[in-house]
Amino acid sequence: MKVIVVPNKDKMGAIGARIIAEDMKGRLFYKLGLATGSTPIPVYQELIRLNKEKKVDFSRVITFNLDEYVGIPGTHDQSYRYFMNKQLFDHVNIPKQNTNVPDGMAKNIPAHCADYESWMESVGGIDLQVLGIGGNGHIGFNEPGSSIASRTRQVKLTPETIRDNARFFAKAADVPKTAISMGIGTVLDAAKIVLFANGANKAAAIAAAIEGPVSVKCPASALQLHPDVTFVITKDAAANLTLKF
Ligand code: GLP
């Protein structure tokens with residue numbers, strides 16, 4: 001496990017985009033796993049800048065997002081599809097048909113989840129998966145207690161996650177109670193994983209993920225089982241680590 005501690009979120013964005021850009025080099029097609037939340041925004045901004053400068057080409061990139069709320073359409077301003085369009089896809093030369101986000105309005109959710117898994121498999125799996133982390137250690141929407149072998153499925157959100165996400169909705173009651181999320185097993189299938197964290201509110205989850213036991217109590221601790229994981233985290237998010245950087 002590699003841990004890179006940076007002074008602020010701009011540096012986090014610059015380093016994150018550089019890791020992705022380097023990994024993209026020399027590939028005919030690049031399959032990129034993406035995350036939402038406020039944390040990866042600086043990474044996406046830097047990728048947009050590099051794309052405008054013609055240093056990163058998205059024309060042969062295929063993306064798969066980690067998760068989506070159930071019950072809101074992609075046109076809803078709090079859907080993760082809408083977020084991805086606004087934060088990245090609308091600003092780079094990616095063919096829209098190459099962008100995949102689970103469909104929270106799918107009529108048959110189990111069938112849609114199985115399809116989502118087979119789409120990833122049919123392109124040969126994800127080359128690099130971007131992750132954020134929830135205050136309770138969740139990755140994607142794999143809440144504490146999620147199986148390490150879990151695959152893409154419909155999940156229930158914890159009261160803590162609903163509370164954390166309420167700031168984005170008019171009222172807490174509007175926050176969807178379930179989501180579609182890649183599983184921890186799905187995430188662990190990516191060839192390379194880069195997790196970003198910014199802020200003191202992530203310090204406990206980061207310490208548990210990196211230095212704690214592999215435990216369902218902290219879903220991100222499962223990343224210890226993967227051979228190629230990099231954490232790019234700000235100083236305050238690294239504050240609870242016993243190893244000092
Ligand atoms: C949501 C997303 C996660 C994300 C988390 C943290 O729960 N499903 O993928 O990592 O929020 O969000 P933020 O980066 O805004 O703290």
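We count residues from 1, following the sequence as given. Only this structure's heavy atoms are used, side chains among them; waters, hydrogens and symmetry mates stay out. Each ligand, and each atom within it, is numbered from 1 in the order the structure gives.
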Solution key, residues 7-18 side-chain donor-acceptor pairs under 3.5 Å, sequence neighbours excluded:
residue	atom	partner	partner atom	Å
Asn8	OD1	Asp10	N	3.2
Asn8	OD1	Lys11	N	2.9

Extract all donor-acceptor atom pairs below 3.5 Å that involve side chains of residues 94-102 and protein atoms in other chains or at least two apart in sequence.
residue	atom	partner	partner atom	Å
Lys96	NZ	Asp90	OD1	2.9
Asn98	ND2	Val61	O	3.1
Thr99	OG1	Arg81	NH1	3.0
Thr99	OG1	Arg81	NH2	3.2
Thr99	OG1	Lys96	O	2.7
Asn100	ND2	Thr63	O	3.0

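Under the 4.5 Å side-chain criterion, counting only non-hydrogen atoms from C-beta, Asn93 is in contact with Ser59. Proximity of Ile139 to Leu223: side-chain heavy atoms (C-beta onward) are separated by under 4.5 Å at one or more points.
In this structure, Tyr116 has its ring center under 6.0 Å from that of Phe64.
Every residue was checked against the side-chain hydrogen bond (donor to acceptor under 3.5 Å, both in side chains) condition with Glu121, not counting sequence neighbours, and none meets it.
Using a heavy-atom distance under 4.0 Å as the criterion, the protein contacts of ligand 1 are Gly37, Ser38, Thr39, Asp67, Tyr80, Gly132, Ile133, His138, Gly140, Phe141, Arg167, Lys202.
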